[in-house]
Amino acid sequence: MTATATPLPPAQPRRTATGRGRHLRDDTGRSWTARVVVTVVIAGILLPLVPLLLSSFARGYFHPQVVPETWSLRAWQIALGPGAATWSALVASVVVAGVVSLISLALGLPAGRALGLYRFRGRRVVEFLLLAPVLVPPIAIAIGLHGVFLRLGLTGSVTAVVLVHLVPVLPYVVLILAGAFANLDPAFEDQARSLGAGRLAVLWTVTLPSIAPGLVTAALFGFLVSWGQYALTLVIGGGRVVTLPILIFASASGGDTAVTSALALFATLPALAILLINAHAVRDRAAPLGGVR
Amino acid sequence: MTAITLTSLTKRYGTITAVDDVDLTLPDGEITALLGPSGCGKTTTLKLIGGLLTPTAGTVAFDGIDQRDVRAEHRGAVMVFQDHLLFPYLSVGDNVAFGLRMRGVGARQRRRQAEEMLARVGLPDTADRHPDELSGGQRQRVALARALVVEPRVLLLDEPLASLDPHLRDGMRELILDIQREEQVTTVVVTHDQEEAAVLADRVAIMFDGRIAQVGTARELHDRPADAEVARFLGSPNLLPGVRSGRIVETAAGALEVPHGTAQDGPVLVTIRPEAIVVAPASGPNILAGRVRDARDLGARVQVTVAVGDTQLTLVTRPDALRALLPGSDVRIRLPADALWAMPAPDPAAELAFRQDVVEGVAPVDAGTRTQGAADADR
């Protein structure tokens, strides 16, 4: 018999073109213990919201009752009705948290780059000092800064609230970005420059895509940390800047549990949304340049 | 078409001088190799030419025009790094087209030029693949294509073959030579491997400690090293200290007529390539009597170590001479006067430092056996 000339199929299995195969492999490798842990954590976050949900739809909800006896939409109508203070508080919260997030990114990018990429004398000290605002109780910071802001004539303005929110927000943003930059090989930036990319083009085509997952996390984290501030906003805003937390506390001290519950749930929604977006972004866009090494 | 002139080029980091007062001319359209051990400043020099680093002092000029104020992205001197550095979030085609995109070339035109260039480096139909799907050798070709597609004035190659498996190096070397011959682009290759330098480059500049020790063709460096350091780096095994008086150098192995090299009377170092030493000549000048210490059959040739008194000389000869060169047998060897080369005697302090470097494995004794790790450390 003569040998047939049928070409052999390629010996090596072809890799998938999208590169998503990696994630699939991770999923199959995930053990059931990890699944249990994740489930418990998510339950721990979501379960406390259940009594809030029940309370917000209750007409009277008293101690021995597991579930309210009578239901009502009253609280939600008050909380979200047209002309309710909620809407202006929402705008204030979104503006403050958004601006804080953007400013912290602008300041955090160079700082995170320095901490993530370069070794220098005193780096450990800087890292520790960065955490200081997180370690000190916010009320202490608030009272201390209140004096300073009074002298500067800044108290009671949105600007002042934005500035004071940067105190607890910046440490998180800088540290998250430092972690993202640790994955970037600066040689890629040199390569881009060599190929004709100017400063902005390097930032846009190399640096930002490389740290994208960390950047998204830092932006969302900055937003959320600002979103949840109460003491700093109250003291520095002097009651004139009313964000959602301020409104919730005011409502709580007013004694209407159902409305307070509704407001609290409403304020949680963006946080939950961001949590989901973040988890999605970090999983699917994890393509830092460092990953190739 | 660009000739490069480096004038008093210096780069210091704090107290460390990485590039030390380098003067060098790189002729238009030629390939020049910067050869030296890791940490000698050759990659720093490459980055200074490309504008990726700013010199502490001195100038880089292209065609006589100082590039001091010309930023890297406008120099047209494109660097290809040792580990390809393909952007992992771009397809192969988009990687190749990157430089064109930066120059404002339209999408369709970019795509066409990228595909053409990929075909030229032997990778047609890979534009839609992801860099992860290519082998190391293919990625290096893509990196070369990405540099060439912008038609650079100057091509800067940092250890282009070092990250490749030995069986891939020949192909890449041929590719670089072919393309360079066609494009006539002025090319600078950084390498720690003298064979690579010899095969790729028209001229070789050898660097130690940030300084250029010698510039010439590979043959000139090989036969006429400027000093003991160059000779040692190029793997010359025969270095005989001696004292010159006129044409004669008195060495421990005997008096030798050395017409070439350092002419000044006094201490010198004499070298000769192993293949230039002649075995058992009938008669003539520069004949030494010795004893065979060792003879190794290397297949195509035989490497023989001969002891002349306390001096050991290494020579290479044809395999059919092996029978006459059994260890212990007496042998007469001639060191042809034209093949001998006198160099200035190294100063004793430098000599001691060099020996210590060898002991600690810092300075290479034989460039050909150096490892990949040392090359990486150079970056």
Side-chain angles (χ1 to χ4, degrees), chain A residues 10-26 117-121 180 183-216 281-293, chain B residues 43 46-47 49-53 71-92 94-105 126 128-136 139 143 145-158 376 379:
Chain A
Q12 291 174 318
R14 293 238 174 136
R15 294 198 45 190
T16 54
T18 58
R20 289 211 171 191
R22 249 173 295 170
H23 303 308
L24 292 176
R25 221 180 304 144
D26 283 351
L117 281 185
Y118 309 114
R119 322 220 142 262
F120 52 89
R121 193 185 293 253
N183 281 333
L184 167 74
D185 182 352
F188 279 99
E189 295 176 331
D190 275 353
Q191 178 69 82
R193 283 174 68 203
S194 185
L195 288 165
R199 270 155 211 251
L200 265 180
V202 169
L203 183 71
W204 196 246
T205 58
V206 181
T207 316
L208 292 183
S210 317
I211 62 162
L215 199 68
V216 172
V282 170
R283 207 176 46 165
D284 276 4
R285 295 176 60 190
L289 288 171
V292 298
R293 280 182 293 181
Chain B
T43 299
L46 203 68
K47 288 184 177 175
I49 296 172
L52 296 173
L53 293 173
R71 291 228 284 260
E73 61 264 31
H74 298 129
R75 277 196 196 185
V78 177
M79 184 150 169
V80 178
F81 288 79
Q82 181 176 339
D83 23 347
H84 68 74
L85 297 181
L86 298 183
F87 303 118
Y89 42 84
L90 295 181
S91 70
V92 168
D94 287 344
N95 260 287
V96 174
F98 184 89
L100 298 173
R101 196 171 114 211
M102 292 303 125
R103 283 159 177 76
V105 178
T126 54
D128 292 325
R129 311 264 292 269
H130 188 268
D132 270 4
E133 299 170 63
L134 303 184
S135 70
R139 279 180 234 171
R146 179 172 65 175
L148 288 166
V149 79
V150 301
E151 295 175 4
R153 292 179 80 177
V154 176
L155 189 60
L156 306 168
L157 306 175
D158 188 10
D376 285 344
R379 282 191 51 222

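What you see is a predicted model; the values in this text were computed from it and never measured. First the proteins, then the strands, lettered A, B, ... as listed; each starts at 1. Just the heavy atoms: all of them, side chains too, but no hydrogens, waters or symmetry mates, feed the values below.
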For this session: Start with the C-alpha distance between A:S210 and B:Y89, add both sets of side-chain angles, then the distance that settles side-chain contact (heavy atoms from CB on, under 4.5 Å), and finish with yes or no.
Result: CA-CA 8 Å; A:S210 317; B:Y89 42 84; 4.2 Å; yes
Exercise. Step by step, would you call A:D190 with B:M79 a side-chain contact (heavy atoms from CB on, under 4.5 Å)?
Worked result: CA-CA 9 Å; A:D190 275 353; B:M79 184 150 169; over 6 Å; no
Problem set entry | Test log, rule side-chain contact (heavy atoms from CB on, under 4.5 Å), inputs A:L195 and B:M102 | CA-CA 8 Å; A:L195 288 165; B:M102 292 303 125; 5.6 Å; no
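B:F98 approaches A:T205 most closely through the heavy-atom pair CZ-OG1, 3.5 Å. For the pair A:Q191 and B:H84, the tightest heavy-atom approach, listed with the atom from each and the gap, is OE1-O, 4.1 Å. The shortest non-hydrogen separation linking B:A77 to A:S194 is O-OG, 3.4 Å.
More than 12 heavy atoms of other residues, nucleotides or ligands sit less than 6.0 Å from atom CZ of B:R103.
Atom CZ of B:R71 and atom CZ of A:R193 lie 8.0 Å apart (nearest 0.5 Å).
For B:R146, the parts sitting under 4.5 Å from any heavy atom of chain A are the backbone and the side chain alike.
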